[in-house]
Participant: 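Okay, here's the structure, questions in a sec.
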Amino acid sequence: MILTVTLNPSVDRALEVDALVRGEVLRAVGSHIDPGGKGVNVSRALLANGLKSTAVVPAGGAEGEQLVDLLKGEGVDMLAVPIVGRTRSNITLAEPDGTVTKINEAGPVLSAAEFAEVSDAVLTAARSSDWVVICGSLPPGPSVPAFAALCERLVAAGARLAVDSSGPALLAGVDAGATLVKPNREELAEAVGRELSTLGDVVEACARLRAAGAGTVLASLGADGAVLVEESGVLAGTSPVTVPRSTVGAGDALLAGFLAAGARGEAALVEGLAWGAAAVSLPGSRMPGPQDLDRTTVRLDARPDLSRPLGRG
Ligand SMILES: Nc1ncnc2c1ncn2[C@@H]1O[C@H](COP(=O)(O)OP(=O)(O)O)[C@@H](O)[C@H]1O
Ligand SMILES: O=P(O)(O)OC[C@H]1O[C@](O)(COP(=O)(O)O)[C@@H](O)[C@@H]1O
């Protein structure tokens, strides 16, 4: 069973507009409300494909109740930890060509006691989990040290830890020795402090995260696909999408598919890329089910051309 942890979950509101024009009153041509946050999306994707998962979410206020109701409505098994603060709403504005503009609230501050309660719930549930997958931004406030301590305690307890986060949180997961990290191109570039213009730059950056403590690095590259750097070597893959609809949740779907297929090697990368591409073809942060997956579009390369330039970041 995969335990997902979303320390800063959200109610995701997606509006589809014909064109985004600043300063105008726009009429949405489509709207979607989904339970959100990166770990929540991983659980949703696993569930959509018939795989057990439990989502740990701090939840507070009316939006927190809505998040819990949305998760219940989708049949997602959850551990909701009540907090005083108000769960955030994240807004997506999607255009017909797949361009997505996203506005994410900061989210509620978790008190030290609330963070400790979430940590205790995670450490307890981790004992009966195959993976602990901590994804997304941290709550605002002094949460990095508490997050780093949680990662260290999980690794010390023998948990297989996966981290998909950014900035200090990603580096804390690396430093703690996470089994797997899943940065996107921007997060990877920030982690190593340099622009990533070619596939070789990505591979080198992943190798630096492995040298710093990460076991496997799965770097997602948007339309450029993904790169997997693990003990046994390097793989690169792409998953072309003819009509991108919404990239929101694509990274979470990639990670879920990768984990679902064993979290290493070619088969897992193919599965992750297929789930990621399928998510991009769906509106809002809809997670793909078996009927949405097309593995035949995935192309892998065990000897990728490292000089290959990446698309506009
Ligand atoms: N425009 C796109 N065309 C094809 N595949 C895409 C596109 N955007 C994302 N993907 C797929 O989704 C995965 C995750 O996307 P990415 O944007 O890198 O993650 P994140 O959502 O974490 O930023 C990519 O590795 C790729 O497989
Ligand atoms: O597009 P991604 O990176 O896969 O994740 C999408 C999810 O991440 C969020 O944008 C939140 O991201 P952050 O936790 O980094 O703020 C959610 O609104 C959404 O459900």
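Model, not experiment: these values are computed from the prediction. Index from 1, following the sequence.
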Participant: Assess the side chains of Ser220 and Lys182: does a donor N or O sit below 3.5 Å from an acceptor N or O?
Facilitator: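 The criterion, which ignores hydrogens and geometry beyond distance, is satisfied for Lys182 and Ser220.
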Participant: Any chance you could measure Glu204, atom CD, to Thr198, atom OG1, to the nearest 0.5 Å?
Facilitator: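 Between Glu204 CD and Thr198 OG1, I get 8.5 Å after rounding to 0.5 Å.
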Participant: Please determine whether the number of non-hydrogen atoms from other residues, nucleotides or ligands lying under 6.0 Å from atom CD of Glu186 exceeds 12.
Facilitator: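 Not buried by this count: 12 neighbours or fewer within 6.0 Å.
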Participant: Can you confirm whether more than 12 heavy atoms, excluding those of Glu231, are under 6.0 Å from its CD atom?
Facilitator: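 No, the 6.0 Å shell around CD holds no more than 12 heavy atoms from other groups.
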Participant: Under 4.0 Å between a side-chain nitrogen and a carboxylate oxygen: does that hold for Asp130 and Arg160?
Facilitator: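 Not counted as a salt bridge, because no side-chain N and carboxylate O are separated by less than 4.0 Å.
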Participant: If only atom types and distance count, is the side chain of Glu114 paired as donor or acceptor with the main-chain N or O of Ser111 below 3.5 Å?
Facilitator: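 Yes; at least one donor-acceptor contact below 3.5 Å.
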Participant: Determine whether more than 12 heavy atoms belonging to other residues, nucleotides or ligands lie under 6.0 Å from atom CZ of Arg153.
Facilitator: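 No.
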Participant: Do the non-hydrogen side-chain atoms of Leu26 and Leu20 ever get within less than 4.5 Å of each other?
Facilitator: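 Yes, close enough: below the 4.5 Å cut-off.
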Participant: Are Glu63 and Arg88 within salt-bridge range, i.e. N to O under 4.0 Å?
Facilitator: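 No, this pair does not count.
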Participant: With distance as the sole test, does Ser53 use its side chain to make a donor-acceptor pair with the main-chain N or O of Ile2 at under 3.5 Å?
Facilitator: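 A pair under 3.5 Å: yes.
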Participant: Using a strict cut-off of less than 4.0 Å between a Lys/Arg side-chain nitrogen and an Asp/Glu carboxylate oxygen, indicate whether Asp292 and Arg286 qualify as a salt bridge.
Facilitator: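 No, this pair does not count.
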Participant: Answer yes or no: are there more than 12 heavy-atom neighbours, outside Lys52 itself, under 6.0 Å from its atom NZ?
Facilitator: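 No, NZ of Lys52 has 12 or fewer neighbouring heavy atoms, counting only those of other groups under 6.0 Å.
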Participant: As a quick check of understanding, evaluate side-chain contact (heavy atoms from CB on, under 4.5 Å) for Glu95 and Val17, giving each step before the final call.
Facilitator: CA-CA 5 Å; Glu95 297 176 74; Val17 293; 4.2 Å; yes
